[in-house]
Number of protein chains: 2
Amino acid sequence: MSNLSTTSDDILACARSLIVAGGYNGFSYADIADVVGIRKASIHHHFPSKVDLVRTLVARYREEAEAGMANLELQVSDPLEQLRSYAGYWEACIADASAPFCVCALLASQLPVLPAEVGLEVRAHFRSLSAWLTSVLERGARHGQLQLMSTPRAEAEAFMATVHGAMLSARAYGDPKIFGAVTGPLLERLQIRS
Amino acid sequence: MSNLSTTSDDILACARSLIVAGGYNGFSYADIADVVGIRKASIHHHFPSKVDLVRTLVARYREEAEAGMANLELQVSDPLEQLRSYAGYWEACIADASAPFCVCALLASQLPVLPAEVGLEVRAHFRSLSAWLTSVLERGARHGQLQLMSTPRAEAEAFMATVHGAMLSARAYGDPKIFGAVTGPLLERLQIRS
DNA sequence: GACGGCCATCCTACCAGAAGGTAGACAAAG
DNA sequence: CTTTGTCTACCTTCTGGTAGGATGGCCGTC
């Protein structure tokens, strides 16, 4: 009943946290081997090459992200509350330092030196996140629940950029609170004022 | 009269563009040697270690940035116009692909794996940029030239984060225009409306 | 003006360790 | 008796870095 081969999951989880810390070139098979308690060669059994490893890692990350958005659609009806949940998710991740950066955001910064296959996955995440944010904002505006200053699409891009920038600032300042300090007003601005 | 040893400048310029492309671990002495047309060992004459190279590179970048802000203070009096110039500078850099990312923003994303000395310089840039933005916004608000929705400090952090996030999005989408699409409305929002 | 020393620059050659990756043996499970 | 997962051992290339020798400009001295 338990997952078959939790080892490969361990490898993915470990690689993910190493990527979040230092990007594609910031870790090696040896690093993973040390943490997971396995030999380098054994990792190659699960993921023949580093590109395989990172590609499936990002693919899985994307699945989780899509699932998260879908879940938010089901669980939360109010658009503003959906955005709050999204920002809140990251605020919690950053606060407890469990995963203080979006894997795809970090990899995107290194796009020019990324293997093409990984780059494609990363770009796809940006498109899907942006599409979801656009739909949320569009719906909020249409139902008079959100106050937009420009098109939903433009507002979504700005929202996404600000969230990513806030992650960066939190890391640069070494202060998790800065994330909330930036995203809080971002959400307030979307709120309908009487 | 000409600069003494333009070679070391060439090395710094080359390293800068390589860092902008792939971060600290995204380039090697061999890469620089190839581009500059010099042997690996010769680079060590100018910069004994990679840490030396990157530290002085970032230090110089910071000097240029500070000089740029000081210059903006002298040349442009209107706060909104100063911000527009700042954003416009990056918009141009991204559009012509000459330096499509802030060195410090890129390095900040890898802070956990950065040598401590480099990390210090990177953090210092964030503080000085944020301080300048804060002062511009504060002055603009005080003189009734800008419309702020919260404190100058908070607004400055949000501004900086959005600009950095816009760089990331432009890279992720492979589309320079997205930078202007995000920063344009950001500036508009600060404008006084009658 | 010639001479020798100094020093900055660049070179070839080399090194140790880390990188990603391969080959093949072994054990356990089905 | 094959499949799955792990291991040891090894390979090649890259990595940052070192040692020491050539070159050549600049200096003060004779």
Side-chain angles (χ1 to χ4, degrees), chain A residues 1-58 106-107 110 112-119 121, chain B residues 1-59 107 110 112-119 121:
Chain A
M1 178 64 194
S2 72
N3 298 354
L4 29 82
S5 162
T6 184
T7 303
S8 104
D9 292 344
D10 289 352
I11 294 169
L12 285 171
C14 174
R16 184 186 289 201
S17 77
L18 288 171
I19 284 182
V20 164
Y24 189 83
N25 293 309
F27 77 101
S28 73
Y29 269 40
D31 296 329
I32 298 176
D34 285 346
V35 175
V36 176
I38 210 179
R39 300 292 143 159
K40 260 193 341 166
S42 304
I43 304 176
H44 284 283
H45 171 74
H46 297 279
F47 306 98
S49 79
K50 194 177 182 179
V51 174
D52 289 316
L53 170 58
V54 178
R55 185 172 25 76
T56 67
L57 181 159
V58 177
L106 215 154
L107 288 176
Q110 314 182 323
V113 297
L114 244 42
E117 302 153 81
V118 176
E121 293 284 345
Chain B
M1 181 61 195
S2 71
N3 297 356
L4 28 82
S5 162
T6 184
T7 303
S8 104
D9 292 343
D10 289 351
I11 294 170
L12 286 171
C14 174
R16 184 185 291 200
S17 76
L18 289 170
I19 284 183
V20 164
Y24 189 83
N25 293 310
F27 77 101
S28 73
Y29 269 41
D31 296 328
I32 299 176
D34 284 346
V35 176
V36 177
I38 208 179
R39 299 293 142 156
K40 258 193 347 167
S42 305
I43 304 176
H44 284 282
H45 170 74
H46 297 277
F47 306 98
S49 80
K50 194 177 182 180
V51 175
D52 290 316
L53 170 58
V54 178
R55 184 172 26 75
T56 68
L57 182 160
V58 177
L107 289 175
Q110 315 183 322
V113 298
L114 244 42
E117 302 153 81
V118 175
E121 293 283 345

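Please read these numbers as outputs of a predicted model, since none were measured by experiment. Quick note on labels: first sequence line is chain A, next is B, and so on, each numbered from 1.
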Examine C:dC11: is either OP1 or OP2 under 4.0 Å from a nitrogen or oxygen in the side chain of B:S42? Give yes or no.
-> yes
Given B:H46, which of B:T56, B:L12, B:I11 fulfils the side-chain contact (heavy atoms from CB on, under 4.5 Å) condition?
-> B:I11
Whole Å only: how far is the CZ atom of A:R39 from the C1' atom of C:dG24?
-> 17 Å
On a plain distance test, is the side chain of B:K40 in donor-acceptor contact with the base of D:dG16 below 3.5 Å?
-> yes
Taking only side-chain nitrogens and oxygens of B:S28, does any of them come within less than 4.0 Å of OP1 or OP2 of D:dC14?
-> no
Protein-nucleotide distance (B:D9, atom CG; C:dT9, atom C1'), rounded to Å | 15 Å
Shortest side-chain distance from B:A41, nucleotide among D:dT6, C:dC11, D:dA9 | C:dC11
Check every strand shown and say whether A:F47 touches a base, only sugar-phosphate, or nothing at a heavy-atom separation below 4.0 Å.
-> nothing
Residues two or more places apart in sequence or in another chain: which of them pass ring pair (Phe, Tyr, Trp, His ring centres under 6.0 Å) with A:F27?
-> none
Between B:H46 and C:dC10, is there a side-chain N or O to OP1/OP2 distance below 4.0 Å?
-> yes
Return the value, rounded to whole Å, for the distance between atom CG of A:N25 and atom P of C:dG20.
-> 8 Å
A:Y29 OH to D:dT6 C1', in whole Å, measures 15 Å
Could you tell me whether the side chains of A:D52 and A:S49 share a donor-acceptor contact shorter than 3.5 Å?
-> yes
In whole angstroms, the gap separating C1' of D:dT13 from CG of B:D34 amounts to 14 Å
Indicate whether OP1 or OP2 belonging to C:dC10 is found under 4.0 Å from a side-chain N or O atom of B:T7.
-> yes
Residue B:I38, side-chain atoms from C-beta onward, closest of D:dG16, C:dG21, C:dC10 | C:dC10
Can you tell me the distance, in whole Å, between the NE2 atom of A:H44 and the P atom of C:dG20?
-> 8 Å
Spacing between A:H45 atom NE2 and D:dG5 atom P, to the nearest angstrom = 4 Å
A:I43 CD1 to D:dC7 C1', in whole Å, measures 13 Å
Among A:S8, A:C14, A:S42, whose side-chain contact (heavy atoms from CB on, under 4.5 Å) with A:V36 holds?
-> A:C14
Is A:L53 close to A:I32 at the side-chain level, that is, under 4.5 Å between some pair of heavy atoms?
-> yes
